[in-house]
Amino acid sequence: MTRRGFTVLELLAVLAIFALLASLAVPRVGPVVSRAEATRVIGDYNAIRHAAFDVRETTGSWPAAAGDGEVPPGMTAALPTGFGFTHGGTTYRWRTWSLPDGLPGAPADTVVVAVEVTSSDAAMLVALRKLYRGPIAFGTNNRIILVVE
């Protein structure tokens with residue numbers, strides 16, 4: 001007599017092997033996803049940075065500060081089509097700070113501009129701090145400020 005199909009024991013063995021492989025792979029996926037999201041944020045930062053320099057070159061001044069998730073006035077034309085200041089759980093904010101006495105060691109630099117990144121994904125922000133190669137980055141568990149100049 002020929003046997004067709006699998007026994008319950010054989011199916012359980014296969015499921016146990018799949019479960020073991022999944023338990024080994026799943027913990028490694030989280031950091032990869034966080035690094036991928038951080039890389040996207042750095043790409044968005046670079047797009048915002050280039051748009052800001054374009055506005056500065058065209059108008060002679062940096063774009064005005066804007067609220068969370070708002071594209072600063074005058075920067076829309078310099079950004080890629082459809083670019084927004086929000087992506088998933090991440091929000092960007094264009095910031096400007098006036099320094100009447102200038103920076104220490106550079107009194108002529110009276111304005112600091114930055115992109116503030118807010119996210120509830122703390123692991124992504126940790127990955128962002130590790131990947132970011134710009135001038136200065138500082139922040140908290142859910143917010144990081146990437147200085148443009």
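Throughout, residue positions are numbered sequentially from 1 according to the sequence presented. Here the structure is a predicted model, which means the values were calculated and not measured.
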- Query: Within a reach of under 6.0 Å around CG of Leu99, are more than 12 heavy atoms found that belong to other residues, nucleotides or ligands?
  - Reply: yes

- Is the number of heavy atoms from other residues, nucleotides or ligands within 6.0 Å of CD (Glu10) greater than 12? yes

- Check for a donor-acceptor pair, side chain of Arg93 on one end and backbone N or O of Ala66 on the other, with a separation under 3.5 Å. yes

- Query: Is Glu37 reaching over with its side chain to a backbone N or O of Ser34, donor-acceptor style, under 3.5 angstrom?
  - Reply: no

- Item | Matching residue for Ile42 among Leu146, Val117, Leu131 - test: side-chain contact (heavy atoms from CB on, under 4.5 Å) | Leu131

If you take all heavy atoms of [X] and [Y], which pair is closest and at what distance?
X      : Y      : result
Met75  : Val55  : CA-CG2, 3.9 Å
Ala64  : Trp94  : O-CD1, 3.2 Å
Pro135 : Val148 : CG-O, 3.9 Å

- Query: Just by distance, with hydrogens left out, do Tyr45 and Tyr92 show a side-chain donor and acceptor under 3.5 Å apart?
  - Reply: no

Find out whether [X] and [Y] are in side-chain contact, i.e. whether some heavy atom of one side chain is under 4.5 Å from a heavy atom of the other.
X      : Y      : answer
Trp97  : Val113 : no
Leu125 : Asp121 : no
Val112 : Thr96  : no
Phe85  : Val115 : no

Rounded to the nearest 0.5 Å, what separates atom [atom1] in [X] from atom [atom2] in [Y]?
X     : Y      : atom1 : atom2 : result
His50 : Leu79  : NE2   : CG    : 11.5 Å
Thr91 : Asn142 : OG1   : CG    : 10.5 Å
Ile17 : Leu12  : CD1   : CG    : 11.5 Å

- Cluster check Met124, Tyr132: I/L/V/M/F/W/Y, side chain < 4.5 angstrom: yes

- Task: Evaluate the ring planes of Phe53 and Trp62, with Trp represented by its six-membered ring, and classify them as parallel (under 30°), tilted (30 to 60°) or perpendicular (over 60°).
- Result: perpendicular

